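As structure tokens, the structure follows; a few thoughts come after it.
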Protein chains: 2
Amino acid sequence: MTFGEYIREHREALKSEDRRFSVRQVAQRIGVEPAYLSKIERGDVAPPSEAKIRALAEELGEDPDVLLAMAGKVSTDLQEIIRKRPQLFADLIRQLKSAPDHALLRIARDVRDGDW
Amino acid sequence: MTFGEYIREHREALKSEDRRFSVRQVAQRIGVEPAYLSKIERGDVAPPSEAKIRALAEELGEDPDVLLAMAGKVSTDLQEIIRKRPQLFADLIRQLKSAPDHALLRIARDVRDGDW
DNA sequence: AAATATGTGTAGTATATAGTACACATGACA
DNA sequence: TGTCATGTGTACTATATACTACACATATTT
């Protein structure tokens, strides 16, 4: 499923319960032209900027990181974190590439309970 | 220290021992015009593409991830890894933002010795 | 039936990215 | 001292990114 298809699907779902989720009204709220949002949803143009994707995520109640990923992007705040300690993060992320989900979850939890 | 300054410094250091590290010769080996490399080193233009940065890293014996970071970029292979599991990685990386270096190293080691 | 809202086609724009091509003054060196 | 290499100034260029503006046919609502 492409970024556009995903957006259209979720916007339409909301629209069926609330007509404030038309292309025009959502476009207005996120600050783009309706024709542009229409083209995005149909994959006629590339996904929009990170800022617009975030606005869209907020509007549709979706996870910004997931939408950004579907758009082929990575949040700039994550990039910032990596860029501050490139060797450590690059090494770690490559190690974690093949780790199963539960391992990532466990590490996140361990770190949150921070006992280093 | 900027990207350009860093490149210039390290290229000059190599040049002092081996005159094959002139702007012109390095430029030729990494596949750009000498004037362009000169401008990069003086910060007259933005850092080059990821591909050229990698070639430069190889040429100068530097860590590509570090050079990319100085250029304000994050390796596309790392972005790929994150984009495949955006929620897990976004959460984890944000958790790790404030973790000390030795914690990141320990996690990387634990994962490498993979016992999950 | 009239007014209004909706989605979309076409055309165009501004800015950023990632460079090339050529010329020229200076410096090294044989 | 003539040749060759070096670094750099100026002037372009091609492609990508991120949109806007307007018009129009088709619903939907009043």
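Just so you know, these numbers come straight off a predicted model, no measurement behind them. All chains are named by letter (A, B, ...) in the order of the sequence lines, taking the proteins before the strands, and each is independently numbered beginning at 1.
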Could you state the CD1-C1' distance from Ile40(B) to dT17(C), rounded to the nearest angstrom? 12 Å
Counting distance only, does the side-chain N/O of Glu5(B) pair as donor-acceptor with the main-chain N or O of Thr2(B) below 3.5 Å? yes
Ignoring hydrogens and geometry, is there a side-chain-to-backbone donor-acceptor pair from Arg29(A) to Arg20(A) under 3.5 Å? yes
Taking every heavy atom of Arg42(A) against every heavy atom of Arg8(A), the minimum-distance pair comes out as CG-NH1, 3.9 Å
Nearest whole Å is fine: how far is dA18(C) P from Leu68(B) CG? 12 Å
What is the distance, to the nearest angstrom, from the CZ atom on Arg11(B) to the C1' atom on dT6(D)? 10 Å
Quick one: Leu37(B) CG to dG7(D) C1', roughly how many Å, whole number? 10 Å
Along nucleotides 16-30 of chain D, 5' to 3', which nucleotides get a B, which get an S, and which get a -, given that the test is a protein heavy-atom distance under 4.0 Å? --SBBBB--------
Round to the nearest Å and state the distance from Arg20(A) atom CZ to dT6(C) atom C1'. 17 Å
Which part of the nucleic acid, if any, lies within reach of Gln25(B) when heavy atoms closer than 4.0 Å are counted: base, sugar-phosphate only, or nothing? sugar-phosphate
Length of the CG-P vector between Asp44(B) and dT17(C), whole Å: 15 Å
Side chain to side chain contact (heavy atoms under 4.5 Å, CB included) against Arg94(B), all qualifying residues, sequence neighbours excluded: Asp65(A), Ser75(A), Asp77(A), Leu78(A), Ile81(A), Ala90(B)
Glu12(A) atom CD is separated from dG7(C) atom C1', nearest whole Å, by 10 Å
Please state whether the phosphate of dG7(C), meaning OP1 or OP2, lies under 4.0 angstrom from any side-chain nitrogen or oxygen of Ser38(A). no
Which atom names give the shortest non-hydrogen contact between Pro64(B) and Ala57(B), and what distance separates them? CA-CB, 3.8 Å
Side-chain (Gln79(B)) to main-chain (Val74(B)) donor-acceptor, under 3.5 angstrom: yes
Counting just side-chain N and O atoms, does Arg8(A) come under 4.0 Å of either OP1 or OP2 of dT8(C)? yes
Give the rounded distance in Å between these two atoms: CD of Gln28(A) and P of dT4(C). 17 Å
Residues in side chain to side chain donor-acceptor pair (under 3.5 Å) contact with Glu62(B), at least two apart in sequence or another chain: Tyr6(B), His10(B)
